[in-house]
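For reference, the structure discussed in these notes is given below.
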Amino acid sequence: MKSSILLSLTLALVGVNVDAFNLADVKKTTSGSIVPGRYIVEFDSNAHLTSSGLKREVKSPHEAIYGQLKERNTAYTVHQEYSNDLFFGASITLDTDSDLANLLSVDGIIDFRQVHLLNLPAQPVTAQSYQWSKCTTSTVTSTPSATPSSSSTANKGFSVLSQIGAESVHASGNKGKGVKVAIIDSGVDYTREPLGGCYGSGCKVVGGYDFVGDSFDGSNDPVPDNDPFDNCYSHGTITAGLIGANANQYGVTGVAPEASLYQYRVFGCNGATTDDIVLQAMQRAYDDGVDVINLSVGETSGWTESMLSVFASRLSAAGVVLAISAGNQGQVGAFYSYSPGAGLGVINVGSSDNAFYPSQLATVSTGYGPIPYYNYKSFTAGTYPLYAFTTDPSVAADGCTIPDGTPNLSGYVTLVRRGGCSLEQKAKNIYYQGGRQMFLINTANTVPLYQNFPLDFGMISLEDGNYLLSQITNHTSTNTTVTFTFNPYQSPNTFTGNITSYFSEIGPTNDLFLAPSIVAPGTNMVVILPATMSNWSIVDGTSYSAPLVAGSSALYIASKGNNNVSPDKVKNALQSTADSLKTSVSDSTIANVAVQGAGKLNIAQAISPNVVVSPSEILLNDTNYFAGTQYLTLTNPSNKIVKYKLSNVPAGTALAYRSGMNQSNDQPVPQVSAQATVKFSQSSVTLLPKTTWVVIMQFTAPTGLDAKQFPIYSGYIQVSSDNSDNNAQVPYLGVAAKMRDMPVLDPTADYLGINSPTILDESGSVQSSTGHSYTFQNDSYPTVIYRLVGGTPLLLIDLVSANASLGFTPNYNSKRSESSIQPEIYKRLVEERKINSISSSLQSEIANWKSTKTQSLISLYCQLTNFKGKGCSSYQSGKSNTFAKVPILGNLFENDYIPRSTDNVDGQGNDHSTFALEQAKFANGTSIPNGTYKFLMRALHITGDRTKESDYEAWLSAPFTIAQ
């Protein structure tokens, strides 16, 4: 995932405070994860056959494109090249902004995207992470934790396989043998015994590649090699273990332990990379013939259109199953999906909360218990008396300071109550006093926490803590001891077990595709780490849910004899047999499909379904493009006659936006009971063995809802039979509003505390509305700050004259119509850009040129050439394009398919955006003369037409002067 993670559930429960927005913290730069000047460019695979003007024969599309760039005197650097039947192209850095227009005008270029920087989640915190002094009041000799006996490995541990049905699949003999699973991630410590101990033919990790090397940080040159070994970043080792680990001491066998793993390292030791390298790894995995790809990486997108999402869609269409993590910013609400998980046909995996808390059992000499303590590791083996600073429950800051007269705590289990100061402060005090075993007594009805402090730390329940305290007299226990051995225990999660995780990303995409597709356990996961990082840890995140689905896909493929099972069949099987989850343990309402997709993975049912249904998800769209008539295909896979019943099982309707405000709701997104209704052409179907039938369904969207809250209604079409509990269900989702009406620019001061968009001057203050001069010396340049309350497929910042007549009134908070542009203004603007004579041959050339390029590429090219370039609408007489008729002087900034901003409730930022005009130049590199100007920002509505000015929200800035 893009941002560092102490995942959201933990953040919420420990009370992390997110500071209010502070204007002084705004950086005077252009925000975003874009790598400046670097682009992934897609070529026409026949470019070398059709390129005109080249003076010599060319043998490849790459040579044809590079030749045209050289003839245009375009300076460029190639970083990656892509050459297979799914994608021809290259990752290219342009030396100057003026070269971009040259690049986009080249014959044979289909599409391009700016390269983005990606970051993995933060490393799990280990005992080595704490820089506590080793100096204590006495010398303490540490001994290792208790180790398991050989008999405990098979019967105890922290496996989640039973929660997804994989345990029973293993019992049938299916462990994924013969299936190739690729892991695109950081590298892997394959020397760990559960990961096979070796690399290459005959090993568990049979292949792969290191695309980057240890020192790569996303900005320097990668140093690739053939060995994906990695002992400096744990993420890839974790995901590899979840997919394919052998049986081990903690019982966390992988979902497909007999699958062949291919590890493609795309992250260096600091956990950063660029998406052009990830694309290269995806292509390499395809060329290596893998069956399944796991991608536990991504970034905020909200759209299906990022380059990685598009290529993931192509991989899926070409026969590769992709399991991709959904993202970890669910706290910020709906319509906030990640890329490349938004790709069409991929399995976008969210997280559900583990049904148990990993713990160990301690025995008490009095016969009480045993006592579960929340640590996946056992304490150092031995028997210990107890020590407490106080047994008085009214002491609020127990352990926050060390009382005078406290003895050396070595050899004791020290008990302290929760509260009064940080857990680390309490643990550190005990550590400095010589203690190496600590029980933290939890408060009532509070979720337990895990810590990897450099001493044995475990939280125990209030009831157990009070019992132990009752055994203490004058700070110590005289007759009561606690004994530790390796004794793992799955403490039931009565707080959030089998509920969607608080941090799990919430969809749908802005173009109303389902995200997530499905969920799998992703919290309190005991996982394998590299040997240099203590070997084991406990983690949370959708990064660790996706491997369970990747491994399950391998089991499904193996169950069908590895006979070219298509990705759509795998996805269909997993989704239609998933188990829908409740909103919470105390609310039996079914959680919205935007939160859980089809529900929680159940691979056993997927392999042996009672009925096969298609499609596995039903997309009803919004009210403007409502797709109310749907068809469901049912196939009886059994050898018996079966009668199936169809029913509508509605889920809660989520209110994505706040009432009376164009601001999104945070998690938990409010749900109401309004529901869609469904009429079936027949409510029951009797099918002979191996036969198929189609049922027609007519959906009616719920009524009585406030469309300005963008209600997301959803539910499941359930297909059941009397002779089986293995029902199928197909999720459906729609929006009871027009997505075209979703606001884009934030017109309020609710979050930023200022009216926005606006200009910040060199001091970081809001610029005067009457104007300001900038010299472009030192920090003297204007910065635009803005927030997006909805996603947009296109955002532009152009420069206009201070006294320009635009032909419309820029007002981002009201609807405009084309009729607001007066006919005489239309006429003048058309005449200014009119080309009086275009030959039919030139018309044909323009048509051919445009037919090979995407709409977003043409849009940017025309912006850069101020609508004077080949193929732009202003190049043709009589073309009605109200957007192109706006008299801009030139483009400054363009970005495609942007997600909305957040309110930073998760502490990960993304709450505003900035554009800094650091040089007095247009985006095409030409200089801006001295003078007085205004910024014109335009943001296209979802489903809007790029050629219609009325489909944009617009903001016109206060005047500012360039005075170099």
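All of these numbers come straight from a predicted model, not from anything done at the bench.
- Within the 4.5 Å cutoff, the side chain of Leu261 has no heavy atoms near those of the Tyr190 side chain.
- Of all heavy-atom pairs between Asn231 and Thr532, the closest is O-OG1, 2.6 Å.
- Sparse packing is recorded around CD of Glu463, with 12 or fewer heavy atoms of other residues, nucleotides or ligands lying under 6.0 Å away.
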Full working for side chain to side chain donor-acceptor pair (under 3.5 Å) between Asn524 and Tyr376: CA-CA 9 Å; Asn524 303 323; Tyr376 68 94; over 6 Å; no
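- Considering only heavy atoms from C-beta on, Tyr450 comes within 4.5 Å of Pro358 through its side chain.
- A donor and an acceptor atom, one from each side chain of Thr485 and Asn487, are nowhere located under 3.5 Å apart.
- Between the side chain of Asn726 and the main chain of Ser608, a donor-acceptor pair closer than 3.5 Å is present.
- Side-chain atoms of Thr523 and Asp540 form no donor-acceptor pair, as typed in the model, at a separation below 3.5 Å.
- Counting only N and O atoms by type, the side chains of Asp464 and Tyr368 include a donor and acceptor under 3.5 Å apart.
- One finds the CD1 atom of Ile430 at 5.0 Å from the OG1 atom of Thr414 (value rounded to the nearest 0.5 Å).
- Taking the side chain as every heavy atom from C-beta outward, Arg436 and Thr380 never approach each other to under 4.5 Å.
- Looking only at side-chain heavy atoms (C-beta outward), Leu529 and Asn535 stay at 4.5 Å or farther from each other.
- Under the 6.0 Å cut-off for aromatic ring centres, Phe457 and Tyr431 do not qualify, their centroids lying 6.0 Å or more apart.
- A donor atom on one side chain and an acceptor atom on the other are found under 3.5 Å apart for Gln437 and Asp456.
- A distance of 11.5 Å separates CG of Leu581 from OG of Ser584, quoted to the nearest 0.5 Å.
- No side-chain heavy atom of Pro530 sits under 4.5 Å from any side-chain heavy atom of Tyr233.
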Check against ring pair (Phe, Tyr, Trp, His ring centres under 6.0 Å), Tyr384 and Phe379: CA-CA 11 Å; Tyr384 302 84; Phe379 280 16; 8.1 Å; no
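- Using a 3.5 Å distance cut-off with no hydrogens or angles, the side chains of Asn174 and Ser172 do not pair a donor with an acceptor.
- Side-chain contact between Tyr502 and Ser351: absent, with no pair of heavy atoms (C-beta onward) separated by less than 4.5 Å.
- Side-chain atoms of Ser517 and Val549, non-hydrogen and from C-beta on, never get closer than 4.5 Å to each other.
- Using modelled atom types, one finds no donor on one side chain facing an acceptor on the other under 3.5 Å when comparing Asn602 with Thr577.
- When atom types are taken as modelled, the side chain of Gln433 and the backbone of Thr406 share a donor-acceptor pair closer than 3.5 angstrom.
- Partners of Thr366 by side-chain hydrogen bond (donor to acceptor under 3.5 Å, both in side chains), not counting sequence neighbours, listed by chain and number: Tyr467.
- Among all heavy-atom pairs drawn from Gly411 and Pro385, the shortest one is O-CD, 3.3 Å.
- Heavy-atom minimum distance, Val188 versus Ala240: CG2-CB, 4.0 Å.
- Counting only distance, with no hydrogens or angles, the side chain of Asn442 and the backbone of Leu462 share no donor-acceptor pair below 3.5 Å.
- The CG atom of Leu440 sits 7.0 Å away from the CZ atom of Arg418 when rounded to the nearest 0.5 Å.
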